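Each remark here refers to the structure printed beneath this line.
In what follows, every heavy atom counts, from backbone to side chain, and hydrogens, waters and symmetry copies are set aside. Computed from a prediction, not measured in an experiment: that's the story for all the values here.
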Amino acid sequence: MTNFLEQLPKRIRDIAESLNVLTPEEVLTTPRVKFLDTRVTSVYTLVRKCTPDDVRVLKDAAAKWLAETPLTADSLFKPLANVRWSRVSFGCPALDRCTGGGVVTRGITEICGAAGVGKTQLLLQLALCVQLPLQLGGLGKGVAYICTEDVFPARRLREMSNAMEARYPQESLNLMGNVFVEHQREIDTLMNCVVNHLPRLLRQHSIGLIVIDSVGAIFRLFTDYLERAKLMRRLANALISYADKYNCAVVCVNQVSSKCNGSSDDAPSLGLQWSHLGRTRMSITRVPKQHMVQDQLLTVRKLEILYSPETPNDFAEFLITSQGVVELPPKVRRL
């Protein structure tokens with residue numbers, strides 16, 4: 001695919017050639033961390049210097065090249081590499097920098113944290129951002145939101161949607177009209193919703209985000225662990241198949257539990273049975289510091305990537321305001 005490399009800037013082309021990543025398919029399927037790796041051949045000589053912006057330019061160029069390349073019969077039987085790397089922005093620059101652009105439309109992304117830490121606030125912002133056009137970090141699609149604990153916070157979503165519509169006055173947005181909500185409290189009704197109702201919704205409407213808030217509330221009280229593992233695998237397989245087929249992001253919320261060894265740290269619920277089913281795991285915690293915003297003293301929160309196949313372990317701090325999730329002002333942002 002020499003033509004693909006020739007249309008790249010020399011600096012970006014050198015990065016790809018140094019890794020022997022020569023086709024757009026290889027560029028999109030190569031983990032981001034591999035491009036950023038600056039380990040040395042000797043103690044004093046760097047192999048290459050690559051920034052996160054360089055990786056983004058390279059992957060965007062590869063996705064654009066594949067999108068504009070005419071399809072062949074053989075290509076119809078290959079997975080679309082450019083689709084795998086679509087992302088839904090968090091609508092917060094700090095979180096987007098931390099995650100490489102937002103939530104990926106591949107596999108299951110798990111967000112865990114203690115009660116009241118801000119998980120649902122982050123999900124509501126994702127539900128709005130996914131409806132934004134591609135150039136603003138969204139997918140131009142709606143959201144399927146399944147609640148298993150509390151009642152869906154429609155009033156809070158309205159408040160956040162008004163703020164986002166005011167932020168992009170040039171866009172004709174109807175953010176509240178593309179959120180489809182279900183309330184399921186039992187495992188049987190949840191599975192029926194995911195396996196039977198959700199596919200019909202995906203066929204009838206353009207959905208870019210599926211949210212389950214939360215899986216911990218449904219599976220945490222099971223005493224039959226073999227049955228629980230079976231149901232969790234069935235749920236995860238269905239969600240992963242929808243993500244692949246419809247190019248949509250899937251986010252599942254999980255609760256946390258205290259560790260048995262007496263440690264003060266909390267661990268995500270459901271153990272290894274659930275952790276092996278997800279592709280990316282993020283946690284939200286409170287940071288022991290506060291910041292004043294419009295005469296309100298707000299607690300700082302932290303989003304941390306615990307594991308992800310294409311994003312290095314990183315974290316970002318943010319605030320939850322009346323307008324939604326925002327990054328810290330520069331004067332208090334951690335370097």
Using a cut-off of 6.0 Å, state whether more than 12 heavy atoms not belonging to Q135 lie near its atom CD. yes
Validation row: K141, C248 side chains within 4.5 angstrom (heavy atoms): no
In one Ile/Leu/Val/Met/Phe/Trp/Tyr side-chain cluster, 4.5 Å: V88, L134: yes
Check the hydrophobic clustering (I, L, V, M, F, W, Y; side-chain heavy atoms under 4.5 Å; chains of links allowed) and say if M160 and L319 are grouped together. no
Any donor-acceptor pair under 3.5 Å from T148 side chain to S214 backbone: yes
Looking at D266 and V256, would you say the former's side chain and the latter's main chain have a donor-acceptor pair under 3.5 Å? no
Would you check if V300 and Q290 make a side-chain contact, meaning some heavy-atom pair closer than 4.5 Å? no
Roughly how far, to the nearest 0.5 Å, is the CG atom of L202 from the CD1 atom of I210? 5.0 Å
With a 4.5 Å heavy-atom cut-off, do W274 and S269 have their side chains touching? no
Is it the case that the side chain of N237 and the backbone of R233 share a donor-acceptor pair, with hydrogens and angles ignored and the cut-off at 3.5 Å? yes
Return the CG to CZ distance between L298 and F318, rounded to the nearest 0.5 Å. 12.0 Å
Would you say Y242's side chain and N247's backbone share a donor-acceptor pair under 3.5 angstrom? no
Heavy-atom side-chain proximity of V130 to L132 below 4.5 angstrom: no
Determine, using the 4.5 Å side-chain heavy-atom cutoff (strictly less than), whether I207 and M176 are members of one ILVMFWY cluster. no
In the single-linkage hydrophobic clustering (I, L, V, M, F, W, Y; side-chain heavy atoms under 4.5 Å), do I111 and L124 co-cluster? yes
Kindly give the heavy-atom pair with the smallest separation between L239 and V250, and that separation in Å. O-CG2, 3.7 Å
What are the two closest heavy atoms between M282 and F90, and how far apart are they? SD-CZ, 4.2 Å
Between L235 and M191, does the side chain to side chain contact (heavy atoms under 4.5 Å, CB included) criterion hold? Intermediate values first, please. CA-CA 7 Å; L235 175 68; M191 295 302 300; 4.0 Å; yes
Are L126 and V211 side-chain neighbours, meaning at least one heavy-atom pair lies under 4.5 Å? no
Minimal heavy-atom distance between A249 and V104, with the atoms involved, is CB-O, 3.8 Å
Would D14 and K10 pass as an ion pair if we require N to O under 4.0 Å? yes
Taking the side chain from R13 and the backbone from L8, do they hold a donor-acceptor pair closer than 3.5 Å? yes
Is there a donor in the side chain of D244 and an acceptor in the side chain of S241, or the other way round, less than 3.5 Å apart? no
Return yes if some donor-acceptor pair links the side-chain N/O of R279 with the main-chain N/O of I108 below 3.5 Å, else return no. no
Donor-acceptor pair, distance only, cut-off 3.5 Å: does the side chain of K289 make one with the backbone of T299? no
Side-chain donor/acceptor pairs under 3.5 Å, residues 116-123, sequence neighbours excluded:
{"unit_1": "K119", "atom_1": "NZ", "unit_2": "G113", "atom_2": "O", "d": "3.1"}
{"unit_1": "K119", "atom_1": "NZ", "unit_2": "A114", "atom_2": "O", "d": "2.9"}
{"unit_1": "T120", "atom_1": "OG1", "unit_2": "D213", "atom_2": "OD2", "d": "3.0"}
{"unit_1": "Q121", "atom_1": "OE1", "unit_2": "R156", "atom_2": "NE", "d": "2.7"}
{"unit_1": "Q121", "atom_1": "OE1", "unit_2": "R156", "atom_2": "NH2", "d": "3.0"}

Given side chain to side chain contact (heavy atoms under 4.5 Å, CB included), test R301 with I320 step by step and report yes or no. CA-CA 8 Å; R301 323 290 174 115; I320 298 177; 4.1 Å; yes
Looking at K302 and E317, is there a salt bridge between them, counting it only when a charged N and a carboxylate O are closer than 4.0 Å? no
Heavy atoms only: give me the nearest L128-M164 pair and the separation to one decimal. CB-SD, 3.7 Å
Taking side chain as C-beta onward, heavy atoms only, is P268 less than 4.5 Å from E110? yes
Contacts of type ring-ring contact (aromatic ring centres under 6.0 Å, His included), residue Y145, not counting sequence neighbours: F152
To the nearest 0.5 Å, what is the distance between CG on L190 and CG on L231? 9.5 Å
Are any non-hydrogen side-chain atoms of V103 and V251 less than 4.5 angstrom apart? yes
If I compare all heavy atoms of T311 with all of C98, which pair ends up nearest, and what's the gap? CG2-O, 3.5 Å
The side chain to side chain donor-acceptor pair (under 3.5 Å) partner of E149 among H183, R185, Q255 is Q255
Criterion side chain to side chain contact (heavy atoms under 4.5 Å, CB included) on L95 and V325, from CA distance to verdict: CA-CA 9 Å; L95 299 184; V325 176; 3.9 Å; yes
Minimal heavy-atom distance between Q184 and I146, with the atoms involved, is CG-CG2, 4.2 Å
One pair to check against side chain to side chain contact (heavy atoms under 4.5 Å, CB included): S283 and L306. What are the steps and the verdict? CA-CA 7 Å; S283 71; L306 301 182; 3.9 Å; yes
Using modelled atom types only, decide if a donor and an acceptor are shared between the side chain of D54 and the backbone of T51 within a distance under 3.5 Å. yes
Donor-acceptor pair between R220 and S257 side chains, under 3.5 angstrom: yes
Which value, rounded to the nearest 0.5 Å, describes the distance between M232 atom CE and C252 atom SG? 11.5 Å
Interatomic spacing from CG in L173 to CG in L136 - rounded to 0.5 Å: 8.5 Å
Can you tell me if R56 has over 12 outside heavy atoms packed within less than 6.0 Å of its CZ? no
Do you reckon F219 sits in the same ILVMFWY cluster as V194, going by side-chain contacts under 4.5 Å, direct or chained? yes
Between Q131 and A127, is there a donor-acceptor pair closer than 3.5 Å when you use the side chain of the first and the backbone of the second? yes
Kindly indicate whether the side chain of I305, heavy atoms from C-beta on, has any atom under 4.5 Å from the side chain of S308. yes
Which distance, rounded to the nearest 0.5 Å, do you find between the OH of Y246 and the CG of L201? 9.5 Å
